[in-house]
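Worksheet: the structure to be examined is printed underneath.
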Amino acid sequence: MKTLFERSVKGRHCSILPACDVPVVKPAEAREKALHLPELSETDISRHYTELAKQTFGVNDGFYPLGSCTMKYNPKVNEDAAALEGFTAIHPTQKDAQGCLKLLSMMEKDLSEITGMDEFTFNPAAGAHGELTGLMLIKRYHELHGTPERNKIIVPDSAHGTNPASSSMCGFTVINIPSSEDGCVDLEELRKAVGDDTAGLMLTNPNTLGIFDKNIKAITDIVHEAGGLCYYDGANLNAIMGIARPGDMGFDCIHLNLHKSFSTPHGGGGPGSGPVGCKSFLANYLPGERITVKDGVYAWSERGSESIGKVRGFHGNFLVVVKAFTYLLTLGKEGVPEVAKNAVLNANYLKHLLEDTYDVAKPGTCMHEFVLTLENLKKETGVSAMDVAKALQDYGIHPPTMYFPLNVHEALMVEPTETESKETLDQAAAAFLDIYKTIQENPESLHETPHNSPIGRPDEVNAARHPKLRYHFDD
């Protein structure tokens, strides 16, 4: 489809403001050349964005089993709460925003209870930003304890891809360790990896194979005994929240994805939120101010010179926190573990429907997600994970996560979430099985899917290597 610039017609506009009746003053800082803006009518703009909306697939359109992303339905009551004037018509420097401060304080207590941490900050903008913040806490800890030589972060091969990236950005050297045959951390390899230079461990649990590591306490004990700290990637918290707490497993700090587990809109470049929690011995290093309450009055309090300093302006993406808080109030204490149980139930139900036909990377009970491997299928038929993912689009299903985790060849990572019904899962299984039947009868046809989507198969390699990031004007 055309861009707004390509739709532009010189002289066309939709302004209803009257003509300026005062002298126009051009400030000294004004640009010499007029800013390029598309010239469009209101009808042009409305049709452009309607067309875009029709070509966009989201959780409101259909099944969205994107593994490790927890694409659950977002209740509209969350949006209603975040749209209240008391939350939207404020400025972050206002000193009398007692309702907003109370909400943040209550949310901090809720997240601390769910995770087993002692204190939280909402300063980080999103998940990977939260990872970086948590690693900065670990780095600060070693600096202030006279052990700056501890500069290595251990990352299992089943971790999220952002873990090694965040470690490198923080100045750490990444030590990658393999998983054992059961998909969990190889304890012997971990023991070999730790030493006097170990700063800490980053672990995703349940991991990207959908497995809760049965040796989780032994893992944190090994790292602690070596003098390192343990960081918990909370991206997969949806499988365990209200049931198991990372703080009780021996983890020292954690980031959460409010735009995953706590049902605020996810993806599309919209605002996220990656609050970071920690045990009390790390709390003074947290970024931003601490919320205090005295005689019923809430206020911001500086953390002091040990803080790593702010990682984002003001206090994070506040309205995302409002949505997540609304979600928790809706669920209540009993509803939080029910979410986790239903997420695990849905994943195991769908896996059960598929495991006699497709190869499961790690058979057995999974948590919130499971991974199919099409390695043998590709060898036998030439049909790849990409082909099956594209074919699912013709059934009105968003593709699962492809080619991840990296330790599974031809991987499809499937996460149904708790908000999908049995009927939806049955329909999804029927689509997978129908695709498998087509593979057996006419495998070549899979290379041309999807047939019914707005875009077929773009040249992804060329788009990655030579992206068009700017619109070039003739003048």
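Small disclaimer: the values here were computed from a predicted structure and weren't measured.
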Using a strict threshold of under 4.0 Å (side-chain N to carboxylate O), is an ion pair present between Arg191 and Glu188?
yes

Parallel, tilted or perpendicular: which one describes the rings of His315 and Trp300, with boundaries at 30° and 60°?
parallel

Residue pair Cys170 / Lys139: nearest heavy atoms and the distance that separates them:
O-NZ, 2.8 Å

Enumerate, atom names and distances included, each donor-acceptor pair closer than 3.5 Å involving a side-chain atom of residues 237-252, sequence neighbours excluded.
unit_1	atom_1	unit_2	atom_2	d
Asn238	OD1	Lys72	NZ	2.7
Asn238	ND2	Glu418	OE1	3.0
Arg245	NE	Asp248	OD2	2.9
Arg245	NH1	Glu113	O	3.0
Arg245	NH2	Asp248	OD1	3.2
Asp252	OD1	His224	NE2	3.4
Asp252	OD2	His224	NE2	2.8
Asp252	OD2	Cys230	N	2.8

Taking Glu79 first and then Lys76, would you say they form a salt bridge - that is, a charged N and a carboxylate O separated by under 4.0 Å?
no

Taking atom types as modelled and ignoring hydrogens, do the side chains of Asp157 and Ser179 form a donor-acceptor contact shorter than 3.5 angstrom?
yes

Angle class for the His36/Phe473 ring planes (parallel below 30°, perpendicular above 60°, tilted otherwise)?
parallel

Residues which pass side-chain contact (heavy atoms from CB on, under 4.5 Å) with Lys102, listed by chain and number, not counting sequence neighbours
Met106, Tyr298

Pairing residues for Asp387 by the salt bridge (Lys or Arg N to Asp or Glu O under 4.0 Å) criterion, not counting sequence neighbours
Arg457

For Ala125, which residues count as a side-chain contact (heavy atoms from CB on, under 4.5 Å) partner, sequence neighbours excluded?
His129, Arg312, Asn317

Would Leu377 and Glu410 count as a side chain to side chain contact (heavy atoms under 4.5 Å, CB included) here? Give the steps.
CA-CA 9 Å; Leu377 193 64; Glu410 294 297 322; over 6 Å; no

Shortest non-hydrogen separation from Ile397 to Ala428 and the atoms involved
CD1-CA, 3.8 Å

Can you give me the closest heavy-atom contact between Ile154 and Ala193, atom names plus distance?
CD1-CB, 4.0 Å

What do you reckon, is NZ of Lys378 surrounded by more than 12 foreign heavy atoms closer than 6.0 Å?
no

So Lys341 and Glu338, salt bridge (charged side-chain N to carboxylate O under 4.0 Å, His left out) or not? Walk me through it.
CA-CA 5 Å; Lys341 291 175 182 178; Glu338 186 179 352; over 6 Å; no

Scanning both residues in full, the closest heavy-atom pair of Tyr73 with Ser263 reads O-OG, 3.2 Å

Worked verdict on Asn236 versus His160 for side chain to side chain contact (heavy atoms under 4.5 Å, CB included):
CA-CA 10 Å; Asn236 291 346; His160 283 126; 3.8 Å; yes

Would you say the side-chain atoms of Glu415 and Thr70 include a donor-acceptor pair closer than 3.5 Å?
yes

Asn348 versus Lys351: any side-chain heavy-atom pair under 4.5 Å?
yes

Is there a side-chain contact between Ile114 and Phe262 (heavy atoms, below 4.5 Å)?
yes

Closer than 4.0 angstrom, basic N to acidic O: yes or no for Lys260 and Glu369?
no

State, yes or no, whether a side-chain contact exists between Asn151 and Asp197 at a heavy-atom distance under 4.5 Å.
yes

Can you tell if the side chain of Leu111 reaches within under 4.5 Å of the side chain of Phe122, non-hydrogen atoms only?
yes

For atom CD of Gln94, is the number of surrounding heavy atoms from other residues, nucleotides or ligands below 6.0 Å larger than 12?
yes

Taking Thr147 for the side chain and His142 for the main chain, is one N or O donor matched with an acceptor at less than 3.5 Å?
yes

Counting distance only, does the side-chain N/O of Asp186 pair as donor-acceptor with the main-chain N or O of Glu189 below 3.5 Å?
yes

Nearest-0.5 Å distance, CE of residue Met402 to CG of residue Leu66:
9.0 Å

With side chains defined as the heavy atoms from C-beta onward, is the minimum distance between Tyr141 and Leu282 less than 4.5 Å?
yes

Phe314 and His91 aromatic ring geometry - parallel, tilted or perpendicular at 30°/60° bounds:
perpendicular

Please assess Leu392 against Phe432 for the test side chain to side chain contact (heavy atoms under 4.5 Å, CB included), listing each intermediate value before the final yes or no.
CA-CA 7 Å; Leu392 284 168; Phe432 271 97; 3.7 Å; yes

Which residues share a side-chain contact (heavy atoms from CB on, under 4.5 Å) with Phe57, sequence neighbours left out:
Asp61, Tyr64, His398

Would you compute the distance between atom SG of Cys253 and atom CD of Glu119 and round it to the nearest 0.5 angstrom?
13.5 Å

So, does Tyr285 use its side chain to make a donor-acceptor pair with the main chain of Ile138 at under 3.5 Å?
no

Going by heavy atoms in the side chains, are Val223 and Leu229 under 4.5 Å from each other?
no

Counting neighbours of CD on Glu149 that are heavy atoms of other residues, nucleotides or ligands and sit closer than 6.0 Å, is the number greater than 12?
yes

I'd like to know whether NZ of Lys333 has more than 12 heavy-atom contacts from other residues, nucleotides or ligands below 6.0 angstrom.
no

Can you tell me how far CE of Met202 sits from CG of Asn163, rounded to the nearest 0.5 angstrom?
4.0 Å

Atom pair CG (Asn205) and CD1 (Ile216), whose distance is rounded to the nearest 0.5 Å
4.0 Å

Take Thr208 and Phe404 through the side chain to side chain contact (heavy atoms under 4.5 Å, CB included) test and state the conclusion after the steps.
CA-CA 8 Å; Thr208 49; Phe404 191 77; 3.6 Å; yes

Ignoring hydrogens, what is the shortest heavy-atom contact between Ser261 and Tyr327? Give both atom names and the distance.
O-CE2, 3.5 Å

Just by distance, do the side chain of Thr204 and the backbone of Ala159 share a donor-acceptor pair under 3.5 Å?
no

Passing option when Leu203 is tested against Val185, Asp233, Thr220 for side chain to side chain contact (heavy atoms under 4.5 Å, CB included)
Val185

If you measure from CD on Glu289 to CZ on Arg303, what distance do you get to the nearest 0.5 Å?
8.5 Å

Is a donor on one side and an acceptor on the other found under 3.5 Å between the side chain of Asn123 and the backbone of Val311?
yes

From the options Asp110, Thr115, Leu104, select the one residue that forms a side chain to side chain contact (heavy atoms under 4.5 Å, CB included) with Phe120.
Thr115

Taking everything shown except Leu52 itself, do over 12 heavy atoms lie less than 6.0 Å from its CG?
yes

Atom CG of Asp221: over 12 foreign heavy atoms under 6.0 Å
yes

What residues, two or more places apart in sequence or in another chain, satisfy side-chain contact (heavy atoms from CB on, under 4.5 Å) together with Ala126?
His259

Flag side-chain contact, heavy atom, 4.5 Å: Pro287 against Thr133:
yes

Using a 4.5 Å cut-off on heavy atoms from C-beta on, say whether the side chain of Leu372 contacts that of Phe370.
yes

Of the non-hydrogen atoms in Ile153 and Ser167, which two are nearest, and what is the gap between them?
CG2-OG, 3.5 Å

